[in-house]
Amino acid sequence: MRWSFEELKRLETDCPCGEPHHAIPVERLEVGPGALDEAATWIKARFGRVVLVMDEHTRLAAGDALAQRLTDLGVVWTACIVEPNGQGDVVADEASIVQVLIACGPDVEALIAVGSGTLHDIARFASAKMRIPFVSVPTAPSVDGFTSAGAPLIVRGVKTTYQTHAPVAVFADTAVLEQAPKELVWAGFGDVLGKSTSLADWAFGALAAGEPYCSHLASLTREALETAVAEVRGLAEGRPDAIRHLMEALLLSGLVMLLFGQSHPASGGEHHLSHDWEMEFLRSGRRQILHGLKVGVACGVLADLYRSRVEEAVAAAAEAGLAPWASLAGREHEVRAIVASVPPGDRVRALMRQLGAPAEPEDLGIERSLVSSSLKRAHKLRNRYTMLRLLNDTNAI
Ligand SMILES: NC(=O)C1=CN([C@@H]2O[C@H](COP(=O)(O)OP(=O)(O)OC[C@H]3O[C@@H](n4cnc5c(N)ncnc54)[C@H](OP(=O)(O)O)[C@@H]3O)[C@@H](O)[C@H]2O)C=CC1
Ligand SMILES: O=C(CO)COP(=O)(O)O
C-alpha cells in the first residue's frame with residue numbers, strides 16, 4: 001500500500017485542517033494475493049450465517065471460491081444471485097434491493113458483497129436497512145465505491161445517493177482483480193481520472209458558495225489520481241503491479257469520501273453527466289455503459305468547457321449580481337488557479353486512448369445531441385455548486 005490505512009484513520013480526529021472528520025468503520029483492509037482465504041477466516045471469526053450477494057459473473061470470478069472456503073470452515077452461507085434487468089444489466093434499483101431483502105432470513109448476520117460497484121451498492125443499502133454489517137470482496141478495480149458509505153441507487157428512474165454505511169472489512173484478492181475484463185480496469189481508471197474535474201468543482205463550490213472543504217483530503221484524492229495516471233502504461237499492458245496500484249488508488253479515493261462524509265472529493269460535474277447518461281440509457285432501454293468509462297469521457301467534455309468558459313461566466317455572473325457566483329468578484333486569481341488545475345480535454349482523452357479505452361462520447365455510443373441536453377440538466381441531479389452549475393446559471397452552455 002502506498003498510503004497508510006492507520007494514518008488515514010488518524011485523520012478522523014487529527015487532520016491538518018483542524019476539523020474532525022467522519023469515522024472509518026472499516027476494521028480490516030487487505031489487498032493482495034490470498035485475500036479470499038483471509039476473508040473466509042475473518043468471516044468465520046465474526047459471523048455464523050451470511051448471505052453472499054453476487055451475480056452470475058462475479059460468482060464465477062470469486063463467489064464460488066469464497067463459498068467453498070466458507071463451507072470448509074463451517075460457516076453457514078446462502079447465495080443471492082442478483083438478476084439482470086431486461087437489457088441484461090444488473091442495476092442497483094428497487095428490484096435488486098427487494099431481491100436481496102427477500103433472500104435474507106431473520107438470522108442472517110452479515111451480507112458479503114462479491115462483485116463490483118453495483119453489487120456493492122445493493123449490498124450496502126440492503127445491509128444498512130437490515131442493520132447488519134457488510135463485507136466487501138471486490139472482483140474488479142472498476143470504481144472507488146468499495147470503501148465509501150454512499151449508495152448511488154436508481155429509484156424511480158432517478159440516480160440518487162443515500163448515505164448508508166461502509167463495509168466492516170475489505171478483502172481485495174489481486175489474483176481475482178488481475179482476471180477482471182480489461183473494460184472494468186479501464187472503468188476504474190476513468191473513475192479516478194474524473195477526479196481531475198471533481199477536485200476542481202469541489203474547490204470551486206467552496207470558494208463560490210462556502211461548501212465544506214478540506215485541502216488535506218483533497219490532496220489525498222489527488223494522490224489517488226496521480227497514482228493511477230502514473231500507471232497508465234502498466235494498466236494498458238495488464239501488469240499485475242499496475243492493477244494493484246489502481247485498486248489502492250480507488251480504495252484511497254473511497255476512504256476520503258468516507259472521511260469527508262459526502263462524495264464531493266470524488267464526484268463533480270463529470271459524475272452528474274455520467275449519471276444523466278445512465279438514466280437516459282435506462283429510460284430508452286439501452287444496455288448500460290460502465291460507470292467509470294462514462295466518467296472518464298465526461299471528464300474530457302467538461303475539461304474543455306471549464307477551461308474555455310468558466311472565467312468569462314464568473315465575470316458575467318459578477319456583473320449581473322447573480323448569487324452565489326457574484327461573491328467571486330475580486331477573487332479572479334483564485335478562480336484562474338482552479339481552472340488551471342483542470343487538465344486540457346485533449347490530455348484526458350489521450351490518457352484514455354493510451355489505455356485503449358473509449359475517449360469521446362461517440363466511442364461509447366452517446367450521441368452529441370444527448371451530450372448537449374445532459375449538459376443543460378445534469379447539474380440539477382445534486383445540490384452542488386459545480387462549474388457546470390455556474391455555466392448553466394449564466395446561460396454559457
Ligand atoms: N458507492 C460509491 O461511492 C460508488 C458507486 N459507484 C456505482 O457503481 C456502479 C458501477 O459499478 P462498476 O463496477 O463500474 O460496474 P458494475 O458493478 O455494474 O459491473 C458490471 C459488471 O461487470 C461484471 N464483473 C465484475 N467483476 C467481474 C469479473 N471479475 N469477471 C467478470 N465480470 C465481472 C459483472 O457481471 P455482469 O455482466 O453479470 O453484470 C458486473 O455486473 C454504478 O452504479 C456507480 O454509480 C461508483 C463509484 C462510487
Ligand atoms: O460515483 C461516485 C464517486 O466515484 C459517487 O457518486 P455520487 O456523488 O453520485 O454519490
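Atoms within a ligand are numbered from 1 in the order they appear, just like the ligands themselves.
- Looking at atom 20 (C) of ligand 1, its nearest protein heavy atom turns out to be L290 CD2, 3.7 Å.
- For atom 10 (C) of ligand 1, the nearest non-hydrogen atom of the protein is H291 CB, 3.6 Å.
- By the 4.0 Å heavy-atom criterion, G115 is excluded from the residues contacting ligand 1.
- Scanning all protein heavy atoms for the shortest distance to atom 4 (C) of ligand 1 gives G145 CA, 3.5 Å.
- Residue A92 places no heavy atom under 4.0 Å from ligand 1.
- Counted within 6.0 Å of CZ on R377, heavy atoms from surrounding residues, nucleotides or ligands total more than 12; the atom is thus considered enclosed.
- Counting non-hydrogen atoms of neighbouring residues, nucleotides and ligands closer than 6.0 angstrom, the NE2 atom of H216 exceeds 12 such neighbours.
- Checked by distance only, ligand 1 and D55 come closer than 3.5 Å through their nitrogen or oxygen atoms.
- On a distance-only criterion, D144 and ligand 1 share no N/O pair closer than 3.5 Å.
- Of all atoms in ligand 2, listed by their number and element, those nearer than 4.0 Å to a heavy atom of M257 are 3 (C).
- For F47 and W77, the ring centers sit 6.0 Å or farther from each other.
- Within a 6.0 Å radius of CZ in R287, other residues, nucleotides and ligands contribute more than 12 heavy atoms.
- Residue H275 approaches ligand 2 through these ligand atoms, each under 4.0 Å from one of its heavy atoms: 6 (O), 7 (P), 9 (O).
- Counting heavy atoms of neighbouring residues, nucleotides and ligands inside a 6.0 Å radius, atom CD of E94 exceeds 12 of them.
- Between Q288 and ligand 1 there is no heavy-atom distance shorter than 4.0 Å.
- Scanning all protein heavy atoms for the shortest distance to atom 3 (O) of ligand 1 gives S148 OG, 2.7 Å.
- Contacts between V176 and ligand 1 below 4.0 angstrom, taking non-hydrogen atoms only, are absent altogether.
- Neither the backbone nor the side chain of K159 comes within contact range of ligand 2; no heavy atom lies under 4.0 Å.
- Proximity annotation for atom 23 (C) of ligand 1: of L177, L153, L184, L184 comes nearest, heavy atoms only.
- Residues W3 and L225 are members of one and the same hydrophobic cluster, defined by side-chain heavy-atom contacts under 4.5 angstrom among Ile, Leu, Val, Met, Phe, Trp and Tyr.
- Nearest protein heavy-atom neighbour of atom 11 (O) of ligand 1: G117 CA, 3.2 Å.
- Judged by distance alone, with hydrogens and angles left aside, the side-chain atoms of E12 form no donor-acceptor pair with the main-chain N or O of P20 at under 3.5 Å.
- Here the two rings, on Y213 and H264, have centers that are 6.0 Å apart or farther.
- Among V143, T58, T118, the residue whose heavy atom lies closest to atom 18 (O) of ligand 1 is T118.
- Residue contact annotation: K195 has a non-hydrogen atom under 4.0 Å from ligand 2.
- Annotation for ligand 2: atoms under 4.0 Å from non-hydrogen atoms of D191 are 4 (O).
- For R382, the closest heavy-atom approach to ligand 2 falls below 4.0 Å.
- Heavy-atom contacts of A61 reach the following atoms of ligand 1: 28 (C), 29 (N), 30 (N) (cutoff under 4.0 Å).
- Between S136 and the choices V168, V170, L251, the side-chain contact (heavy atoms from CB on, under 4.5 Å) rule is met once, by V170.
- On a distance-only criterion, V90 and ligand 1 share no N/O pair closer than 3.5 Å.
- In terms of protein heavy-atom proximity, atom 13 (O) of ligand 1 is closest to S142 OG, 2.6 Å.
- Under 4.0 angstrom from ligand 1, the non-hydrogen atoms of R124 all belong to its side chain.
- The backbone N or O of L250 lies less than 3.5 Å from no partner atom in the side chain of S253, so there is not a single donor-acceptor pair.
- Proximity of a side-chain donor or acceptor of R124 to a complementary backbone N or O of G145 within less than 3.5 Å is detected.
- Looking at atom 1 (N) of ligand 1, its nearest protein heavy atom turns out to be G150 O, 2.8 Å.
- Taking every non-hydrogen atom of H271 and a distance limit under 4.0 Å, the qualifying atoms of ligand 2 come out as 1 (O), 2 (C), 3 (C), 4 (O), 6 (O).
- Within the structure, the closest approach of Q262 to ligand 2 does not fall below 4.0 Å when heavy atoms are considered.
- Only side-chain heavy atoms of D121 come within less than 4.0 Å of ligand 1; its backbone N, CA, C and O stay farther off.
- By the criterion of side-chain heavy atoms lying less than 4.5 angstrom apart, applied directly or through intervening Ile, Leu, Val, Met, Phe, Trp or Tyr residues, I132 is not grouped with I43; the two fall into different hydrophobic clusters.
- Close approach of ligand 2 to H291 (heavy-atom distance below 4.0 Å) involves ligand atoms 1 (O).
- If you check each of H57, E56, M257 against atom 36 (P) of ligand 1, the one with the closest non-hydrogen atom is H57.
- The nearest non-hydrogen atom to atom 31 (C) of ligand 1, considering only P181, A180, P141, P138, comes from P181.
- Considering only non-hydrogen protein atoms, atom 26 (N) of ligand 1 sits nearest to T139 OG1, 2.8 Å.
- Not one N or O on the side chain of K159 forms a donor-acceptor pair closer than 3.5 Å with the backbone of D276.
- Heavy atoms of other residues, nucleotides or ligands lying less than 6.0 angstrom from CD of E312 number 12 at most.
- For ligand 2 and T161, the ligand atoms under 4.0 Å from any heavy atom of the residue are 7 (P), 9 (O), 10 (O).
- Residues D55 and T58 have side chains that bring a donor and an acceptor to within less than 3.5 angstrom of each other.
- Between C299 and V348, the closest side-chain pair of non-hydrogen atoms falls below 4.5 Å.
- Contact atoms of ligand 1 toward K159: 42 (C), 43 (O), 44 (C), 45 (O) (distance under 4.0 Å to a heavy atom of the residue).
- If you look at Y162 and F125, their ring centroids are closer than 6.0 Å.
- Ring pair Y385/W202: centre-to-centre distance not below 6.0 Å.
- Between atom 19 (O) of ligand 1 and the options A149, S116, G194, G188, the minimum heavy-atom separation is to S116.
- Distance alone, capped at 3.5 Å, is enough to place a donor-acceptor pair between the R244 side chain and the V31 backbone.
- By the neighbour-count criterion of 12 heavy atoms within 6.0 Å, atom CZ of R131 is sparsely surrounded, having that number or fewer from other residues, nucleotides or ligands.
- Every atom of ligand 1 with a heavy atom of D191 under 4.0 Å away is listed here by number and element: 47 (C).
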